[in-house]
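Step one of this worksheet: look at the structure below.
In this chain, numbering begins with 1 at the start of the sequence shown.
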Amino acid sequence: MNPVDGLYRPGNSPVHRLRPQVKIVALVAFTCAIAATPREAVWAFGAYALLIAGLFALARVPLRWVLSRSLVESPFLVLALAFPFMVEGPAVHLGFLTVSEPGLWAGWNLLAKATLGVWAALVLAATTPIAGVLAGLSRLRCPEILLQITAFAIRYAHLTVAEVTQMRLARLARCDDPRFLWQAGALARSLGVVFIRSFERGERVWQAMAARGYTGRLPLDVGPAPASALQWSAALAAPALAAGIAAWTAVMA
């Protein structure tokens with residue numbers, strides 16, 4: 001598997017076979033439905049979680065993989081836990097703790113929507129390679145310059161991480177441990193070397209691309225044909241149901 005596609009899990013499930021552009025539109029629509037749901041509609045967030053769990057099961061993505069990748073929302077979790085103690089309002093007693101009722105609702109709102117948003121994004125990431133996502137955005141008429149910046153940023157982020165890893169192994173082989181404070185100067189110089197090497201590598205890559213006739217457009221594989229009506233219907237089924245739930249909760253609020 002291409003190391004650039006770190007979150008992609010190869011497969012042949014119905015979710016994998018959907019065109020990237022329909023999955024991107026479905027992700028945006030589903031996320032908007034989640035964001036529009038009132039925080040008091042707890043049952044609605046449970047329904048959204050069941051929908052996403054069904055998509056993970058259909059795509060054959062294991063639960064352990066989902067939970068480990070969900071740690072990216074840890075900062076939001078910390079903020080959600082702090083809201084009950086930061087927001088002013090009527091107090092609620094939870095055992096030996098006294099917290100704010102509006103703070104509890106605010107923390108729940110952040111935690112539920114952030115978690116569901118991350119899970120929905122993981123469905124796309126697990127079933128679509130990076131090249132497919134860029135191709136889907138190209139199909140959706142995303143500005144070409146943004147696609148190029150994104151593609152190069154993803155590619156060179158992995159190259160830079162690999163370069164830093166090699167330099168760290170070289171330091172460790174020379175009995176240098178960058179964990180100690182008095183070695184901060186050596187670490188700073190190493191980061192400067194990484195920056196210079198990255199800049200020089202970018203210059204060489206640009207010259208090689210220009211020598212091969214680069215015209216400002218990346219050769220993205222957008223597929224032989226756009227998505228069919230059946231694929232659009234299948235991909236938008238879950239967002240349509242989520243939109244119906246969000247509309248119902250808004251009416252009942």
I'd like to know if the side chain of [X] reaches the main chain of [Y], judged simply by a donor and an acceptor atom lying under 3.5 Å from each other, with no hydrogens or angles considered.
X	Y	result
Lys23	Val123	no
Glu73	Thr115	yes
Thr128	Ala125	no
Gln231	Arg19	yes
Arg69	Leu67	no
Arg212	Ala208	yes

Residue pair [X] / [Y]: nearest heavy atoms and the distance that separates them:
X	Y	value
Arg60	Ser13	NH1-CB, 3.3 Å
Arg9	Val61	CD-CG1, 4.2 Å
Leu116	Ile52	O-CD1, 3.6 Å
Ile245	Ala44	CG2-CB, 3.6 Å
Val118	Ser70	CG1-CA, 4.3 Å
Leu110	Phe83	CD2-CE1, 3.7 Å

Rounded to the nearest 0.5 Å, how far does [atom2] of [Y] lie from [atom1] of [X]?
X	Y	atom1	atom2	answer
Glu200	Phe195	CD	CZ	10.5 Å
Lys113	Arg39	NZ	CZ	9.0 Å
Leu230	Ser233	CG	OG	6.5 Å

Can Thr249 and Trp43 be said to form a side chain to side chain contact (heavy atoms under 4.5 Å, CB included), step by step? CA-CA 10 Å; Thr249 57; Trp43 67 271; 3.5 Å; yes
Using side-chain heavy atoms (C-beta onward) and a distance below 4.5 Å, is [X] in contact with [Y]?
X	Y	result
Leu122	Trp65	yes
Ile24	Leu137	yes
Ile130	Tyr8	no
Leu147	Ser138	yes
Arg201	Trp206	no

Anything under 3.5 Å between a donor and an acceptor, one on a side chain of residues 25-36, the other on a protein residue two or more places apart or in another chain? List them.
from	atom 1	to	atom 2	distance (Å)
Thr31	OG1	Leu27	O	2.7

Under 4.5 Å between side-chain heavy atoms, hopping through other hydrophobics if needed: is there a path connecting [X] to [Y]?
X	Y	value
Leu134	Leu146	no
Ile149	Val205	no
Leu58	Phe56	yes
Met86	Trp105	no

Run the salt bridge (Lys or Arg N to Asp or Glu O under 4.0 Å) test against Arg17 and tell me which residues pass, sequence neighbours left out.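 With sequence neighbours excluded, Arg17 shows a salt bridge (Lys or Arg N to Asp or Glu O under 4.0 Å) to no residue whatsoever.
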Linking Ile, Leu, Val, Met, Phe, Trp and Tyr by side-chain heavy atoms under 4.5 Å, what else ends up with Leu81?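 The other cluster members (ILVMFWY side chains, heavy atoms under 4.5 Å, direct or chained) are Leu77, Leu111.
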Less than 3.5 Å apart, any donor N or O on the side chain of Thr37 or Tyr48 sitting next to an acceptor on the other?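 Result is yes, a qualifying pair exists.
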Ring centroids only, cut at 6.0 angstrom: are Trp108 and Phe45 within range, meaning strictly under it?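 Yes.
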